[in-house]
Amino acid sequence: VLDNLQFMTFGMGGDDKFAMIDTCLAKVRQFATDHNVHVSLVMHPRKEEPGKEIHMGSVYGSGKATQDSDNVIIIQHVGKLRYLDIQKNRFDGTRGKVPFVFDSHTLRYSEISAEEADDLLAQDE
């Protein structure tokens, strides 16, 4: 896991921020290919309107990041509900949403059922 792209490109020099991001992405992609590994790269989204879901176009930097990625997974926050939003899956195309909660006693994240997710959404109404 590389956290995060903006930090990795800070101080690289040059005036074209997007060219630096593209260069960095190309190097990460080449590393993953050369070593047959999966690399998870954290990228922060642009600011969206409150309550609006984030989408692939919200990724800060360049469209190249989502275009070249094998997977795009976005952590969504809708009121009290949190879920992983699988927006791209190059391997078999399966997409979907995985709701989860954080247990502060065990310090772990756990998947929750669709009914539990609906209950969390109802609490926000």
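In what follows, residues are counted from 1 in the order of the sequence shown. Model, not experiment: these values are computed from the prediction.
- Summarising the local packing, CZ of R90 is surrounded by more than 12 heavy atoms from other residues, nucleotides or ligands at distances under 6.0 Å.
- Put simply, the side chain of V78 reaches to within 4.5 Å of the side chain of Y83, judged on heavy atoms.
- Residue R29 is tested with D34, D70, D68 for a side chain to side chain donor-acceptor pair (under 3.5 Å); the sole match is D70.
- Counting all heavy atoms, side chain and backbone alike, S104 lies closest to L107 at O-CD2, 3.3 Å.
- In this structure, the side chain of S113 engages the main chain of E116 through a donor-acceptor pair within 3.5 Å.
- Side-chain contact between D103 and Y109 is absent, with no heavy-atom pair separated by less than 4.5 Å.
- No salt bridge links K27 with D22; every basic N to acidic carboxylate O contact stays at or beyond 4.0 Å.
- Residue V72 is not grouped with residue V39 when hydrophobic side chains (ILVMFWY) are merged at heavy-atom distances under 4.5 angstrom, including chains of intermediate members.
- Counted by atom type alone, T33 and Q30 present zero donor-acceptor pairs between their side chains at under 3.5 Å.
- With a 4.5 Å cut-off on side-chain heavy atoms, P45 and V59 do not count as touching.
- Nearest approach of A117 to L81, heavy atoms of both residues: CB-CD1, 3.8 Å.
- Shown are I74, N71, I73; of these, the side chain to side chain contact (heavy atoms under 4.5 Å, CB included) with Q87 is made only by I74.
- One finds the OG atom of S58 at 7.5 Å from the NZ atom of K52 (value rounded to the nearest 0.5 Å).
- Side-chain atoms of H35 never come within 3.5 Å of backbone atoms of V37 as a donor-acceptor pair (strictly under, hydrogens ignored).
- A distance of 10.5 Å separates CG in D3 from OG in S40, rounded to the nearest 0.5 Å.
- Counting non-hydrogen atoms of other residues, nucleotides and ligands closer than 6.0 Å to CG of D92 gives a total above 12.
- A heavy-atom distance below 4.5 Å is found between the side chains of I86 and V98.
- Side-chain contact between F100 and L84 is present, with at least one heavy-atom pair separated by less than 4.5 Å.
- Using modelled atom types, no side-chain atom of K88 and backbone atom of R95 make a donor-acceptor pair closer than 3.5 Å.
- R82 places none of its side-chain heavy atoms less than 4.5 Å from the side chain of Q76.
- Under the 4.5 Å side-chain criterion, counting only non-hydrogen atoms from C-beta, I75 is not in contact with I54.
- In this structure, the separation between NZ on K80 and CG on L120 is 7.5 Å, given to the nearest 0.5 Å.
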